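These notes concern the structure reproduced below.
Everything quoted here is computed from the prediction, not taken from an experiment. Lettering follows sequence order; numbering is per chain, from 1.
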Number of protein chains: 2
Amino acid sequence: MGRTRNTAQRQAIAKRLEELSSFVSAQQLHDDLAKSGSKIGLATVYRTLQVLLDEGEVDVLRTDSELLYRSCDSTEHHHHLVCRICGRTVEVAGPQIEAWARQVAAEADFIDVEHTLELMGTCSTCAGGRKGV
Amino acid sequence: MGRTRNTAQRQAIAKRLEELSSFVSAQQLHDDLAKSGSKIGLATVYRTLQVLLDEGEVDVLRTDSELLYRSCDSTEHHHHLVCRICGRTVEVAGPQIEAWARQVAAEADFIDVEHTLELMGTCSTCAGGRKGV
DNA sequence: TTGGGTGCAAATGATTTGCAACATC
DNA sequence: GATGTTGCAAATCATTTGCACCCAA
């Protein structure tokens with residue numbers, strides 16, 4: 001059936017994504033690559049991100065208008081705490097959440113329950129001296 | 001400044017949304033209304049849903065490609081367990097989740113943390129006799 | 001050689017918006 | 001009568017796709 005090929009474009013995209021280490025949109029990544037002299041097309045960026053996603057190499061995050069991608073640290077199930085200002089991201093595991101989800105599903109008599117959970121906040125650096133609530 | 005007006009369209013949209021009591025897209029709602037002989041325009045449906053959302057009258061849910069709206073039962077903070085087949089929805093409160101989120105935020109030194117959480121599964125009716133995992 | 005990849009431009013599809021005609025307060 | 005509303009069509013915008021050419025295996 002054919003496997004995925006190791007092209008220069010794919011390498012460049014994966015590499016840049018790791019360097020950035022924060023969530024970026026396909027368009028941002030494309031612009032960023034273009035600034036470095038890359039001639040990779042926008043469609044290729046979209047297609048490659050989709051492939052990397054399928055392979056579990058990246059995480060996705062959905063904002064109001066677009067999808068953001070980030071090179072994935074852990075391949076295990078996890079969630080994100082993202083700074084709404086600088087994009088700094090902390091990966092968080094939530095065993096309690098998984099347990100809670102299972103319990104809720106059982107009580108409501110639902111099966112095959114999946115969940116999506118994202119945390120959005122302001123990191124200490126971006127918050128300056130302000131203290132939390 | 002001006003307040004929102006109580007037009008026939010708005011009433012029809014809010015009414016139908018309550019009757020449906022499950023998550024529907026703006027387009028589905030528009031089609032549904034059209035089948036009942038309504039001549040309400042699609043743009044009006046979109047605009048009205050946005051208004052209802054601002055007023056806290058409806059909840060939104062984001063799927064891969066579109067936004068789904070549902071008339072809101074409780075005005076308090078809550079999450080949803082939605083059947084991926086029939087759309088039946090159970091509102092669930094998650095005090096444990098809120099506590100967990102606060103703790104995670106504190107540990108990572110983030111402030112003003114918000115979260116989004118949705119549960120998606122198959123309800124007993126749609127699952128037929130199949131038993132869960 | 002051979003099918004996956006790529007670039008480009010055109011196509012999608014959900015949502016938004018400009019504008020003139022309306023309707024509510 | 002003033003101003004929020006509506007309908008329609010045109011405009012957005014992120015993302016997808018058709019296609020001919022290219023290249024890794």
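A:E91 is listed as a side-chain neighbour of A:R70, based on a closest heavy-atom distance under 4.5 Å. With contacts defined as side-chain heavy-atom distances shorter than 4.5 Å, the pair B:L81/A:H115 does not qualify.
Positionally, the nearest nucleotide of DNA chain C for A:V45 lies more toward the 5' end than for the other of A:V45 and B:Y69.
Between the CD atom of A:Q50 and the P atom of D:dA14 there is a distance of 18 Å, given to the nearest Å. One can place CG of A:L49 at 10 Å from P of D:dT15, the figure rounded to the nearest angstrom. Between the C1' atom of C:dT15 and the CG atom of B:D31 lies a distance of 15 Å, rounded to the nearest Å. When the P atom of D:dT6 is taken as reference, atom CD of B:Q9 falls 5 Å away, rounded to whole Å. In this entry the distance linking CG of B:L29 with P of C:dT15 reads 12 Å, nearest Å. In this structure, B:L42 atom CG and D:dT12 atom P are separated by 18 Å, rounded to whole Å. Remark: P of C:dC22 and NZ of B:K39 are 17 Å apart, rounded to the nearest angstrom.
Picking from D:dG7, D:dT5, C:dA14 the nucleotide with the shortest atom distance to the side chain of B:Q27 gives C:dA14. Across D:dT15, C:dA14, D:dG7, the shortest atom-to-atom separation from the side chain of B:T44 is found for D:dG7. Out of C:dG7, D:dT15, D:dT5, the shortest distance to the side chain of A:L67 is found at D:dT15.
We find that B:E19 and B:R16 are joined by a salt bridge, their nearest charged nitrogen and carboxylate oxygen being less than 4.0 Å apart. Residues A:R62 and A:E118 are not paired through a salt bridge, judged by the lack of any N-O separation under 4.0 Å between the basic side chain and the carboxylate.
Side-chain contact annotation: B:D59 with B:H78, donor-acceptor N/O pair under 3.5 Å present. Under 3.5 Å, the side chains of A:Y46 and A:Q27 contain a donor-acceptor pair of N or O atoms.
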Nucleotide-resolved protein contact map, nucleotides 18-25 of chain D, B/S/- at heavy-atom distance under 4.0 Å: B----BBS
Intermediate values then yes/no, side-chain contact (heavy atoms from CB on, under 4.5 Å), A:W100 and B:V92: CA-CA 11 Å; A:W100 172 82; B:V92 291; 4.2 Å; yes
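OP1 or OP2 of D:dT15 lies within a sub-4.0 Å distance of a side-chain N or O belonging to A:Y46. For B:R3, no side-chain nitrogen or oxygen approaches OP1 or OP2 of C:dC25 to under 4.0 Å.
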